[in-house]
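Have a look at the structure below, then the notes.
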Amino acid sequence: MTIAEKEIKKFETSNCDQDKVFYQAMEEVIYSIGPLLESDEKYTRYAILERLVVPDRIIKFKVVWLDDNQNIMVNTGYRVQFNNALGPYKGGLRFHPTVNEGILKFLGFEQILKNALTGLPIGGGKGGSDFNPKGKSDFEVMKFCSAFMTELHKYIGPRMDIPAGDIGVGSREIGYLFGEYKKITSTYEGVLTGKPYMFGGSFMRPEATGYGVVYFTETMLEIENQESLEGKICTVSGAGNVALHVIEKLLEIGAIPVTCSDSTGTIYDARGVDLALLKELKLEKRLSLEGYKLSHPEAEFMPAYEYLEDRHAVWDIPCYAAFPCATQNELSEMDAQNLISNGCVSVSEGANMPSTPDAIAAFLSHKICFAPAKAANAGGVAVSEFEMSQNASMTKWSFEKVDEKLKETMQQICTRVALTAKDYGVEGNYVDGSNIAGFKRVADAMIAEGI
Ligand code: NDP
Ligand code: 2IT
């Protein structure tokens, strides 16, 4: 039995339903780092895996707020402070009805290794609530955010834990959370990232994740295929912060993004999607994608309910490069097979863990260039760290400076991942390369810091 197999066995018994996604994330990492564990016994001797897969603490709290009809509403809030070996806990907040401890543990665990890959001094954490912002008025969102921060403020701080956005949390929510933190603590500090520009937000934080995914993909395609995305058909899923900024950057570099999707369905516009309309529908008016067809009757709208759980319309469309940017496990093995048989050569994960393990196995066995989330979408948290630096030094960097540093960071991550994969005998496997490079950085810090 290999060391990796022995390690997996240790965690098998506690695999409860909520924790399924967490075990999915953990299992991938343990199998990937097998060659590292075999090459140096210190990681086993210092029980790094046993220590890494248990969060430092999970904070769970009640959030009580009043809706616009004066009904008393109750939600659950969480913050998973996972690991701070490399720096203060850092990671987003997700507001979505599906949020539970297992989902936040998976996201927090991924965040530790992602943050390590950036090379920046940030640890890993994640938080959120089962609050559903959909259909809520601005005032309701504000009241929920205030109530959430009334509890959360006790556990965060600019050198302790710095939350940011994720699904359902953008600059509006971060603004309200920041306002409440300031009121409670009478301090004006960089305790959250993704703030609006007028009070401490960094230029380019909204764009960073999506732009970063495209910078990473360009570097990967250059290394692996000496190709570029210019003129290539691309499919994108999601229609939120990450997806729309992937689309924006693809359009800017001359690629042709032809799809996007939301929880109601998929838009396929063969001439390239209309980004201005998408921003108006999804970011300004917060409506469903169905409305796209009113302005573009020639586009197709494929409703989500017409598709089985293991097949998604967006991955039926032939493309050169695919960008899953909605949510976890949105790309199944069947979707992967469809993409491969339609000639797709590159898949880059904008969302966290959007591809199932079987889908990833199919991509790797067909030698598809596959950029895993923890490497490809690290641009968001990297620019969050740039925001922390700007706040700490009371300065503001230009858009151009942030963009240049983001590009450099994504190129460095990609190169490091590719070289690590080569060093450990799995050339071209960016999954193993990312997991080994990220794990090694955190593990070496944990060993140096003692138990
Ligand atoms: P948003 O809330 O801005 O957008 C999420 C998008 O995904 C929406 O279009 C939403 O549809 C769709 N979506 C969500 N859940 C589902 C579902 N179950 N089925 C189908 N569609 C769904 O979130 P982000 O763009 O910020 O986040 C998207 C992904 O990227 C997540 O995995 C997140 O963890 C990851 N990520 C985000 C970063 C960031 O900086 N924001 C950084 C790195 C990763 P609808 O509008 O109908 O709800
Ligand atoms: O998954 C992620 O990297 C994020 N949601 C962003 C985290 C951050 O702290 O900017």
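Nothing fancy with the numbering, it's 1 onward along the sequence. One-based numbering, in listed order, for ligands and for the atoms of each.
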Item to check | Salt-bridge criterion met for Asp403 and Lys407 (N-O under 4.0 Å) | outcome: no
Are there any protein N or O atoms under 3.5 Å from the N or O atoms of ligand 1? List them with distances, or say none.
residue	atom	partner	partner atom	Å
ligand 1	2 (O)	Gly168	N	3.0
ligand 1	3 (O)	Asn241	N	2.9
ligand 1	9 (O)	Ala239	N	2.9
ligand 1	11 (O)	Ser263	N	3.3
ligand 1	25 (O)	Asn241	N	3.1
ligand 1	25 (O)	Val242	N	2.9
ligand 1	32 (O)	Asn352	N	3.1
ligand 1	34 (O)	Arg94	NH2	3.0
ligand 1	34 (O)	Asp166	OD1	2.6
ligand 1	34 (O)	Asp166	OD2	3.1
ligand 1	34 (O)	Asn352	ND2	2.8
ligand 1	40 (O)	Arg205	NH1	3.3
ligand 1	40 (O)	Arg205	NH2	3.0
ligand 1	40 (O)	Thr209	OG1	2.8
ligand 1	46 (O)	Lys282	NZ	2.9
ligand 1	47 (O)	Lys134	NZ	3.3
ligand 1	47 (O)	Ser263	N	2.9
ligand 1	47 (O)	Ser263	OG	2.4
ligand 1	48 (O)	Lys134	NZ	2.7

Next on the checklist: Can you confirm whether the side chains of Lys183 and Ser146 place a donor and an acceptor under 3.5 Å from each other?
Outcome noted: no
If you draw the axis of the six-membered ring of [Y], does the NZ or CZ of [X] fall within 45° of it and under 6.0 Å from the ring centre?
X      : Y      : result
Lys249 : Tyr211 : yes
Lys136 : Phe131 : yes
Lys126 : Phe82  : no

Next on the checklist: Ring centroids only, cut at 6.0 angstrom: are Phe139 and Tyr176 within range, meaning strictly under it?
Outcome noted: no
Checklist outcome for this item: Contact set, ligand 2, heavy-atom distance under 4.0 Å, ordered by chain/number, equals Lys90, Gly91, Gly92, Gln111, Lys114, Lys126, Ala164, Gly165, Asp166, Arg205, Asn352, Gly380, Val381, Ser384
Next on the checklist: Let's go through Asp316 and Met302 carefully: what are the C-alpha distance in whole Å and the side-chain angles of both, what is the deciding distance for side chain to side chain contact (heavy atoms under 4.5 Å, CB included) to 0.1 Å, and is it a yes or a no?
Outcome noted: CA-CA 11 Å; Asp316 278 354; Met302 297 168 270; over 6 Å; no
Checklist entry - Among Arg57, Gln111, Gln81, whose side chain to side chain donor-acceptor pair (under 3.5 Å) with Tyr89 holds? => result Arg57
Next on the checklist: Please identify which of these residues, Trp65, Tyr155, Phe95, Tyr78, meets the ring pair (Phe, Tyr, Trp, His ring centres under 6.0 Å) condition with Phe148.
Outcome noted: Phe95
